[in-house]
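Positions are given from 1 along the sequence. For clarity, every value in this text was computed on a predicted model and none was experimentally measured. First listed ligand is number 1; within each ligand, the first listed atom is number 1.
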Amino acid sequence: MQMLTPQEVNATSIIANNLSPAQKVWLSGYLHALSVPSANADLESFTLNNSISIEASPAAKADTKQTVTVLYGSQTGNSRKIAEKFKTTLEAQGKEVSLHNMLNYRNSQLKKETNLVAIVSTHGNGEPPDEALGFFKFINSPKAPNLNNLQFSVLALGDSSYDEFCQTGYELDSRLAELGAKRLTEVVACDVDYADDAEDWKGTVLALLKPSEGHSTQNQSSVLSSANEAISENYNEQNPYPAEVLETLVLTDDGSDKNVMHLELSLEDSGLHYQPGDIVSIASPNDEILVDSIIQKLNLDADVEITLKKKTLVLKDALLNHCELSNVTRKQLQVYAELHSDDELLLLAKDKSQLLDELYAADILDVLELWPSQLSPQQFVEWLRPLSARQYSIASSESASPEEIHVLVKQVQYEYRGRLHGGVCSTHLALAESGEQLGVSIKTNPNFKLPENPETKVIMIGAGTGVAPFRSFLFERESQGLVGNSWLFFGEQRFQTDFLYQTEWQQFLKSGVLEKMDVAFSRDQAEKIYVQQRIIEQAESVYQWLASGAHIYVCGDMNHMAKDVHQALIHVIEQQSDRNLEQASDYLDQLISDKRYQRDIY
Ligand SMILES: Cc1cc2nc3c(=O)[nH]c(=O)nc-3n(C[C@H](O)[C@H](O)[C@H](O)COP(=O)(O)O)c2cc1C
């Protein structure tokens with residue numbers, strides 16, 4: 001084998017060091033394609049941008065239609081959307097495409113696949129989305145087939161502020177390889193701003209799958225650009241709709257430990273629509289005082305120009321509107337330590353538990369105060385993560401409040417290192433006034449939907465702001481003229497100050513739209529009482545509702561409430577049926593697979 005000369009190694013590493021992870025994957029795919037004579041023969045144009053174009057080789061043009069399976073596992077719809085668009089692109093390339101949600105995929109089909117592209121997000125703390133749980137159980141079971149005939153590529157969606165960044169995608173990639181499948185590309189791990197990396201990945205995969213009969217460059221590039229156009233036609237996170245604030249109302253009373261607000265926004269003429277269970281993304285700038293303090297700490301000129309995503313901006317604008325400042329990730333700290341050759345910080349960044357102890361609530365200003373920056377303005381903004389819109393469960397129903405969207409927001413505010421820290425969006429919303437505009441877009445959430453059959457019973461379990469989607473559910477059921485078959489469990493700290501939407505629930509109970517309601521106010525008595533206790537107290541009825549086909553919905557805190565509710569439900573099933581603990585847990589898993597147990601937890 002002929003190796004590279006030192007000069008060639010040098011030249012290659014200069015190019016590689018300037019590429020994003022997705023671009024590196026693209027490049028490896030490109031080099032791979034060049035090394036395969038049949039694919040290489042006519043690779044006349046293969047450009048590294050969003051509308052990659054490829055000439056089909058004459059040899060490839062003679063090929064028969066190629067079959068590709070696009071498989072996705074999604075909780076909040078991002079992976080699903082990418083998968084659906086990719087299907088259209090692949091079909092326009094002349095491929096025979098089958099698109100599957102992992103939830104509905106027939107696992108026995110896996111051994112017959114030849115080309116698989118999988119798009120999967122990570123949820124919980126490094127766990128698969130609910131709809132992918134069954135598929136992961138299968139591939140990790142002894143029943144998992146040998147996949148020697150399969151070539152595949154995985155796009156992993158995640159958020160690098162989580163320690164288990166894109167864990168599910170990595171797990172899928174390594175498990176498929178373990179089962180004998182061949183990687184078409186390395187796994188591409190996408191952060192919250194996944195659009196560009198996902199586009200690059202799609203381009204690479206397209207290039208590596210053999211072009212099918214009769215499909216040329218023209219076709220592919222036009223399809224890709226029309227896919228991009230379709231994205232920008234509607235309002236989305238990159239292009240949010242400026243929604244006017246119609247009303248704001250603080251729901252918690254004096255004496256509460258929290259500030260929880262109800263906001264009503266106008267969607268007039270936006271063409272935006274949603275269903276109960278969907279999510280609204282709200283964009284907001286960073287706090288200007290924080291931005292000014294950071295600029296001062298950096299000893300920089302607020303008007304100095306920098307480049308972000310190929311756009312020239314002044315530093316203050318970049319920090320106000322484009323860069324995440326309110327938290328810092330472990331990965332970011334490692335990069336910061338490396339840029340400053342700070343071995344002590346590097347050790348700290350690598351030690352997960354020490355880091356959690358010391359910097360559990362740090363923002364970017366804390367980092368600069370603890371380890372002063374020596375970075376240039378350009379290096380500094382490149383080190384920061386992109387500012388992302390914040391997501392809230394929609395609290396209204398379009399049928400009851402046309403062209404409006406309501407949200408329930410808890411203001412995030414805490415003291416850390418002697419300074420008041422606040423959540424980006426919730427702080428902004430706490431100060432929002434009627435008439436002001438906020439950038440919004442809708443995220444459909446197919447994994448949190450009312451049953452298709454209006455007669456099906458619903459059990460809704462929400463703590464704190466987790467009750468928001470159930471307000472939407474009940475207004476929707478009311479506008480459909482439905483009565484009964486609905487049960488709400490609500491938990492908060494205190495009856496007097498924290499009973500969110502109290503009068504509305506009472507109204508729903510009076511009209512019969514809500515059949516039953518159980519509340520748990522944790523701090524109204526010496527012993528803390530939470531929703532899970534109420535579920536256990538009502539075990540017999542809860543099980544009867546389940547046995548008669550009820551759907552269960554859980555919304556709110558992921559780390560405590562949702563886990564405890566899950567255990568409580570297992571307990572109820574074990575106690576009220578003839579199942580043992582394992583069977584009760586399997587019963588609940590089956591409810592997830594059947595979409596009868598849906599969660600929106602965060
Ligand atoms: C409750 C919750 C937990 C999450 N946990 C993780 C995680 O452990 N690791 C990670 O990389 N991303 C995590 N994420 C980020 C998601 O993977 C990311 O938002 C992704 O784009 C969602 O894609 P989907 O809409 O297809 O589910 C989490 C998101 C939420 C809402």
Side-chain angles (χ1 to χ4, degrees), residues 21-22 70-86 99-103 117-133 135-136 154-173 187-199 201 236-238 277-282 324 327 329-332 352 356 385-394 423 425 441-449 462-466 468-469 554-563 565-566 592 598-602:
V70 179
L71 194 59
Y72 66 89
S74 183
Q75 190 78 30
T76 58
N78 295 340
S79 309
R80 174 180 49 80
K81 266 193 249 160
I82 297 173
E84 284 169 354
K85 293 213 171 82
F86 200 22
L99 173 74
H100 298 279
N101 183 336
M102 287 178 183
L103 183 70
V117 289
I119 302 146
V120 69
S121 61
T122 300
H123 278 265
N125 283 320
E127 289 138 35
D130 282 347
E131 61 185 30
L133 287 171
F135 180 75
F136 272 77
V154 174
L155 182 73
L157 259 58
D159 177 342
S160 65
S161 64
Y162 288 88
D163 250 349
E164 313 298 338
F165 177 52
C166 287
Q167 174 73 14
T168 302
Y170 287 121
E171 269 173 24
L172 178 60
D173 173 82
V187 60
V188 170
C190 301
D191 210 337
V192 283
D193 55 336
Y194 56 83
D196 289 350
D197 284 345
E199 280 304 316
W201 171 80
N236 54 36
E237 260 185 46
Q238 285 70 45
D278 285 346
I279 292 165
V280 58
S281 288
I282 305 184
E324 185 69 65
N327 56 49
T329 69
R330 209 148 74 88
K331 196 171 131 201
Q332 248 182 326
K352 197 166 150 184
L356 268 179
R385 304 168 67 226
L387 180 61
S388 51
R390 294 333 198 221
Q391 297 177 1
Y392 298 94
S393 307
I394 296 174
C425 193
S441 57
I442 307 286
K443 285 189 76 170
T444 55
N445 188 3
N447 292 319
F448 209 77
K449 284 284 156 285
T465 52
V554 179
C555 183
D557 172 70
M558 165 180 81
N559 289 319
H560 304 289
M561 189 274 297
K563 285 199 173 122
V565 165
H566 190 84
I592 293 179
Q598 304 188 8
R599 293 177 289 183
D600 176 5
I601 53 180
Y602 38 83

Geometric N/O contact C166 with ligand 1, under 3.5 angstrom: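 Min N/O separation from ligand 1 is below 3.5 Å for C166.
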Ligand 1 N/O within reach of S121 N/O, cut-off under 3.5 Å: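 By distance alone, the answer is yes.
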Any salt bridge linking [X] with [Y]? Criterion: basic side-chain nitrogen under 4.0 Å from a carboxylate oxygen.
| X | Y | answer |
| --- | --- | --- |
| K563 | D557 | no |
| R599 | E127 | no |
| E164 | K352 | yes |
| D191 | R385 | yes |

Region of N125 engaging ligand 1 - heavy atom pairs below 4.0 Å: backbone
Side chain, backbone, both or neither: Y162 near ligand 1, heavy atoms under 4.0 Å: side chain
Within ligand 1, which atoms have a heavy atom of [X] less than 4.0 Å away?
| X | answer |
| --- | --- |
| F165 | 11 (O) |
| G126 | 7 (C), 8 (O) |
| G77 | 24 (P), 25 (O) |
| S74 | 24 (P), 25 (O), 26 (O), 27 (O) |
| S79 | 24 (P), 26 (O) |
| I601 | 1 (C) |
| Y602 | 1 (C) |
| Q75 | 24 (P), 26 (O), 27 (O) |

Quick check for you: to the nearest 0.5 Å, what is the distance between [X] atom [atom1] and [Y] atom [atom2]?
| X | Y | atom1 | atom2 | value |
| --- | --- | --- | --- | --- |
| E84 | L99 | CD | CG | 6.0 Å |
| I279 | F448 | CD1 | CZ | 9.0 Å |
| R80 | S121 | CZ | OG | 11.5 Å |

Of the protein's non-hydrogen atoms, which lies at the shortest distance from [atom], and what is that distance?
| atom | result |
| --- | --- |
| atom 10 (C) of ligand 1 | D159 N, 3.4 Å |
| atom 13 (C) of ligand 1 | T122 O, 3.1 Å |
| atom 25 (O) of ligand 1 | T76 OG1, 2.4 Å |
| atom 20 (C) of ligand 1 | N78 ND2, 3.9 Å |
| atom 5 (N) of ligand 1 | G124 O, 2.8 Å |

Check: W201 ring centroid to F86 ring centroid under 6.0 Å: yes
V120 and P129, any side-chain heavy atoms less than 4.5 Å apart: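 When only atoms from C-beta onward are counted, V120 and P129 do touch, with a gap below 4.5 Å.
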4.5 Å side-chain heavy-atom contact, C555 and S393: yes
Option whose closest heavy atom lies nearest to atom 30 (C) of ligand 1, chosen from E164, Q391, H123, E131: H123
Contacts of type salt bridge (Lys or Arg N to Asp or Glu O under 4.0 Å), residue K81, not counting sequence neighbours: none
Set of residues satisfying salt bridge (Lys or Arg N to Asp or Glu O under 4.0 Å) with respect to E171, sequence neighbours excluded: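 Counting only residues at least two positions away or on another chain, E171 forms no salt bridge (Lys or Arg N to Asp or Glu O under 4.0 Å).
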M558 touching ligand 1 at heavy-atom level, < 4.0 angstrom: yes
